[in-house]
2 protein chains.
Amino acid sequence: MSAAEQAGLRTGEVAEQAGVNIQTLRYYERRGLLAEPHRSNGGHRLYPPDTVALLNVIKAAQRLGFTLDEVADLLDAGRRRHPSPDLRERAIGKIAEIDQKIADLTTIRASLTEVVDARCDSLTNCTCADCPIPYLTIGTTRPSGDRA
Amino acid sequence: MSAAEQAGLRTGEVAEQAGVNIQTLRYYERRGLLAEPHRSNGGHRLYPPDTVALLNVIKAAQRLGFTLDEVADLLDAGRRRHPSPDLRERAIGKIAEIDQKIADLTTIRASLTEVVDARCDSLTNCTCADCPIPYLTIGTTRPSGDRA
DNA sequence: TTGCATCCGGTACCTGGGTACAGGCTTACC
DNA sequence: GGTAAGCCTGTACCCAGGTACCGGATGCAA
């Protein structure tokens, strides 16, 4: 059993297993998404094994359109055992955001399904001559009043 | 009735109504998201009125984590009356992506709800001492094999 | 103890999605 | 027809999120 096995994963291992760049690990550390890991005597980082899972979480959240700052918030909210009232507030806000996202995605999904199910395809000469923008409904439910 | 009324909206009007920058309109035009509008004799752009709605759609899709290229694809898919088989293929792919996004969002939502509902809050000294990463499940369902 | 793969910090660079500015022409209203 | 607001093209710049590169130090196995 080598020393590495009991001390943790090194950057290269984490990066490889999580499918991210080594530089990205250090970047996330700077951004506060990854806690500073332990170091070897020589100063090399040694990560706890669940870091890989955490990175997958981060990447998943990003794919959903959250910024790194937001991801940091989400992780923070989830991490604390007894969230402060403030944190609760923000979590509630995030839930509302998420609900909106889900609603929008559902609308887009429906539109795409129509395309695939050939609502227009088979009708070929689709009744809705001016059918150009099928996702229009999304626009009408946008979250905060943009319009004057 | 002025000439403008029958010819279309000018950039400033569209930008204002859609809540975007004028520069953004031209940027979208360059990127192919907005068709080149008609021009006045003097060369000023004159947009059809539904451009505003279209912009809202674009912005909504962006909030959901789609890139501009992807938005362009989505719009394209929705626009065609009789989609080519290829387009159908891509639409199907997008639907799968969207389903994944919805699933992930749902998971995150559930985790946040737990936080808000004080599953830990009231337990204060939460049983799950190592509860640190509640969204872990997301990572395990990530879309395409990242791992070697 | 040598040698190669890795890792270190620091800095520079890249892409996506915009945004700002300069210098000049149009529009619209008096 | 004068003039202010608005628009034109072109180019430069900005921010987020990474990536690449550099010169030097570590890790570890033979």
Side-chain angles (χ1 to χ4, degrees), chain A residues 1-34 36-47 51 54-75 146, chain B residues 1-34 36-47 51 54-75 146:
Chain A
M1 182 188 285
S2 74
E5 278 181 67
Q6 49 197 41
L9 299 155
R10 22 195 356 200
T11 50
E13 294 170 321
V14 172
E16 155 119 358
Q17 286 179 39
V20 304
N21 197 299
I22 290 181
Q23 327 288 349
T24 304
L25 294 182
R26 297 207 260 123
Y27 179 63
Y28 283 179
E29 194 177 317
R30 283 205 297 286
R31 292 290 302 262
L33 288 155
L34 251 38
E36 296 194 10
H38 296 129
R39 301 280 188 140
S40 70
N41 291 335
H44 286 197
R45 290 174 180 77
L46 294 172
Y47 291 95
T51 305
L54 179 54
L55 284 167
N56 285 327
V57 172
I58 293 171
K59 294 202 303 174
Q62 273 193 295
R63 280 197 300 275
L64 298 172
F66 294 103
T67 66
L68 284 187
D69 281 347
E70 288 173 328
V71 174
D73 282 2
L74 286 169
L75 290 177
D146 293 342
Chain B
M1 182 188 283
S2 75
E5 278 181 66
Q6 49 197 44
L9 298 155
R10 24 201 347 206
T11 51
E13 295 171 319
V14 172
E16 156 120 356
Q17 287 179 38
V20 305
N21 196 300
I22 290 182
Q23 325 289 350
T24 304
L25 293 182
R26 298 207 262 118
Y27 178 64
Y28 284 179
E29 193 176 316
R30 281 205 298 287
R31 292 289 302 262
L33 287 154
L34 249 41
E36 295 193 9
H38 296 128
R39 303 279 187 140
S40 71
N41 291 336
H44 287 199
R45 289 174 181 76
L46 293 171
Y47 291 95
T51 306
L54 179 53
L55 283 167
N56 285 327
V57 172
I58 292 171
K59 295 200 305 174
Q62 273 194 295
R63 281 198 300 276
L64 298 172
F66 293 102
T67 66
L68 285 186
D69 281 347
E70 287 172 330
V71 175
D73 282 1
L74 286 169
L75 290 176
D146 293 343

Whole Å only: how far is the [atom1] atom of [X] from the [atom2] atom of [N]?
X	N	atom1	atom2	result
B/Leu33	C/dG16	CG	C1'	13 Å
A/Asn21	C/dC13	CG	C1'	14 Å
A/Asn41	D/dG27	CG	P	7 Å
A/Ile22	C/dC7	CD1	C1'	7 Å
A/Glu16	C/dC7	CD	C1'	16 Å
A/His38	C/dC7	NE2	P	18 Å
A/Leu34	D/dG18	CG	P	12 Å
A/Leu9	C/dT6	CG	C1'	15 Å

B/Ile58 side, atom CD1; B/Leu33 side, atom CG - distance, nearest 0.5 Å: 5.0 Å

OP1 or OP2 of [N] sitting under 4.0 Å from any side-chain N/O of [X]?
X	N	value
A/Arg45	C/dC8	yes
B/Thr24	C/dT19	yes
B/Arg39	C/dT27	no
A/Thr11	C/dC7	yes
B/Arg31	C/dG17	yes
B/Tyr28	C/dG17	no
A/Gln62	D/dG18	yes

Terminal axis angle for the helix from C/dT1-D/dA30 to C/dC30-D/dG1, five pairs an end, nearest 10 degrees: 10°

A/Asp69 vs A/Gly43, nearer the 5' end of DNA chain D by closest nucleotide: A/Asp69

Along DNA chain D (nearest heavy atom to each residue), the more 5'-positioned of A/Gly42 and A/Arg30: A/Arg30

Would you say that [X] contacts [Y] through its side chain, given a criterion of any heavy-atom pair below 4.5 Å between the two side chains?
X	Y	result
A/Leu55	A/Val14	yes
A/Glu29	A/Pro37	yes
A/Arg45	A/Arg39	yes
A/Val57	A/Leu74	no
A/Tyr28	A/Val20	no

Nearest-neighbour nucleotide for the [X] side chain, [options] considered:
X	options	result
B/His44	D/dG18, C/dT27, C/dG17	C/dT27
A/Tyr27	C/dT26, D/dG17, C/dA20	D/dG17
A/Ser40	D/dT26, D/dG6, D/dC8	D/dT26

B/Glu16 side chain vs B/Glu13 backbone, donor-acceptor pair below 3.5 Å: no

Any residue meeting salt bridge (Lys or Arg N to Asp or Glu O under 4.0 Å) with B/Arg31, in chain and number order, not counting sequence neighbours: B/Asp69

Check: C/dG9 base within 3.5 Å donor-acceptor of A/Arg26 side chain: yes

Nearest-nucleotide 5' precedence on DNA chain C, B/Phe66 against B/Gln23: B/Phe66

